[in-house]
K.L.:
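Take this structure, written in structure tokens, and hold onto it; I'll ask about it next.
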Amino acid sequence: MISAVEALAVDERGLALGLLVSGGGADAAGCLADPGRERCRAALEALAASEEARATARAALAAELSAPVPAGLEEVHPGWIRGALEGEPVALVRAVVRGLPPEVGRVADELLRGRGAAPGALARLPEGPGLDGLRRTLFGNLAPMPPGAPGSMPRARALCALPRAALVDEVDRRGAAALGLALAGAPDAVVARAAAAAGEPAARALLAAAKGPSTPDARAAARAL
């Protein structure tokens with residue numbers, strides 16, 4: 001039953017927590033768009049039969065969503081961390097990465113060096129609820145790569161040997177395949193819109209993954225990714 005909650009996206013988890021706290025039923029998930037609506041409804045229905053399971057899920061969701069940064073932030077691709085920090089003032093970048101894993105700090109240092117700022121300078125913003133809120137805003141929608149997923153560390157090392165153009169093409173293909181797997185079971189119109197937005201040749205990888213054989217665990221991992 002808890003695995004159904006783990007497959008939810010961040011916004012779906014927030015809604016699920018609110019409904020678990022308020023006592024709302026699974027039908028309240030109707031405010032979400034597909035496929036999140038059905039995922040959230042299924043998770044709440046799975047928890048409905050057991051008060052112990054609801055309490056466990058409620059505590060786990062509250063701990064996760066109130067954390068300053070998501071668990072495993074150091075395993076998020078550096079490009080996503082850089083994207084979260086780009087455009088932010090130098091003082092804020094220094095402050096939000098203070099005390100975070102060194103992998104995050106290295107991305108911030110590289111970003112600040114590119115701006116001509118001194119990476120080692122002290123941050124002036126004090127620790128506290130306000131700074132934790134900024135961290136949640138910047139990093140809350142990031143998640144580490146699921147173990148064994150396309151692009152995880154063993155495969156990523158192998159990709160380093162590819163020429164740059166081939167590497168970009170392979171990243172595009174794997175991303176399209178992951179999106180297609182996440183959309184498996186969605187209405188045809190939803191899959192078609194995603195394929196059209198991806199364009200060729202990524203659309204072919206997306207459609208093949210969306211229509212091909214898959215398992216619930218694989219689909220859940222793709223949606224989490």
K.L.:
Between Leu207 and Val191, which heavy-atom pair has the shortest distance, and what is it?
P.N.:
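Result for this residue pair: CD2-CG1, 3.7 Å.
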K.L.:
Could I get the full list of side chain to side chain donor-acceptor pair (under 3.5 Å) partners for Asp172, not counting sequence neighbours?
P.N.:
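Expected list: none.
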K.L.:
Can you name the salt bridge (charged side-chain N to carboxylate O under 4.0 Å, His left out) partners of Arg173, sequence neighbours left out?
P.N.:
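Once residues adjacent in sequence are excluded, the partners of Arg173 under the salt bridge (charged side-chain N to carboxylate O under 4.0 Å, His left out) criterion are Glu170.
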K.L.:
Would Arg106 and Asp109 pass as an ion pair if we require N to O under 4.0 Å?
P.N.:
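No, this pair does not count.
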K.L.:
With rounding to the nearest 0.5 angstrom, report the CG to CG distance, Leu92 to Leu138.
P.N.:
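If we round to the nearest 0.5 Å, Leu92:CG and Leu138:CG are 6.0 Å apart.
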K.L.:
So, using salt bridge (charged side-chain N to carboxylate O under 4.0 Å, His left out) as the criterion, who are the partners of Glu86 when residues are at least two apart?
P.N.:
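Salt bridge (charged side-chain N to carboxylate O under 4.0 Å, His left out) list for Glu86, sorted by chain: Arg82.
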K.L.:
Which heavy atom of Ala184 sits nearest a heavy atom of Arg223, and at what distance?
P.N.:
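Looks like O-NH2, 3.1 Å.
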K.L.:
So, for Arg135 and Val96, which heavy atoms are closest and what is the spacing to 0.1 Å?
P.N.:
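Heavy atoms of Arg135 and Val96 come nearest at NE-O, 2.8 Å.
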K.L.:
Determine whether Leu131 and Arg98 make a side-chain contact, defined as any pair of heavy atoms from C-beta on separated by less than 4.5 Å.
P.N.:
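Yes, side chains in contact.
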K.L.:
The criterion is side chain to side chain donor-acceptor pair (under 3.5 Å); which residues satisfy it with Arg219, sequence neighbours excluded?
P.N.:
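Arg219: side chain to side chain donor-acceptor pair (under 3.5 Å) contacts with Ser214.
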K.L.:
Looking at every heavy atom in both Ala222 and Ala182, which two are closest together, and how far apart are they?
P.N.:
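Scanning both residues completely, I find the closest heavy atoms to be CB-N, 3.7 Å.
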K.L.:
Considering non-hydrogen atoms only, spot the tightest contact between Ala84 and Glu88 and give its length.
P.N.:
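Scanning both residues, the minimum pair turns out to be O-CG, 4.0 Å.
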K.L.:
Sequence neighbours excluded, which residues qualify as salt bridge (charged side-chain N to carboxylate O under 4.0 Å, His left out) partners of Glu52?
P.N.:
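Counting only residues at least two positions away or on another chain, Glu52 forms no salt bridge (charged side-chain N to carboxylate O under 4.0 Å, His left out).
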K.L.:
Are Val90 and Leu134 in one and the same hydrophobic cluster, where Ile, Leu, Val, Met, Phe, Trp and Tyr link if side-chain heavy atoms are under 4.5 Å apart?
P.N.:
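Linked within one cluster.
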K.L.:
Got Val104 and Val107 here, is their nearest side-chain heavy-atom distance under 4.5 Å?
P.N.:
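With C-beta onward as the side chain, the pair stays apart.
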K.L.:
Any chance you could lay out the side chain to side chain contact (heavy atoms under 4.5 Å, CB included) test for Leu100 and Phe139, step after step, and finish with the verdict?
P.N.:
CA-CA 11 Å; Leu100 296 186; Phe139 302 122; 3.8 Å; yes
K.L.:
Please collect all salt bridge (charged side-chain N to carboxylate O under 4.0 Å, His left out) contacts where either partner lies in residues 177-196, sequence neighbours excluded, each pair once.
P.N.:
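Salt bridge (charged side-chain N to carboxylate O under 4.0 Å, His left out) check on residues 177-196 returns Asp188-Lys211.
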K.L.:
Identify the two heavy atoms, one from Leu20 and one from Arg58, that lie closest to each other, and give their separation to 0.1 Å.
P.N.:
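Leu20 and Arg58 have their closest heavy atoms at O-NH1, 3.6 Å.
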K.L.:
Between CG of Leu183 and CG of Leu206, what distance do you get to the nearest 0.5 Å?
P.N.:
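That separation rounds to 6.0 Å.
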K.L.:
For Leu85 and Val97, what are the C-alpha separation, side-chain angles and deciding distance, and is it a side chain to side chain contact (heavy atoms under 4.5 Å, CB included)?
P.N.:
CA-CA 10 Å; Leu85 297 173; Val97 302; 4.1 Å; yes
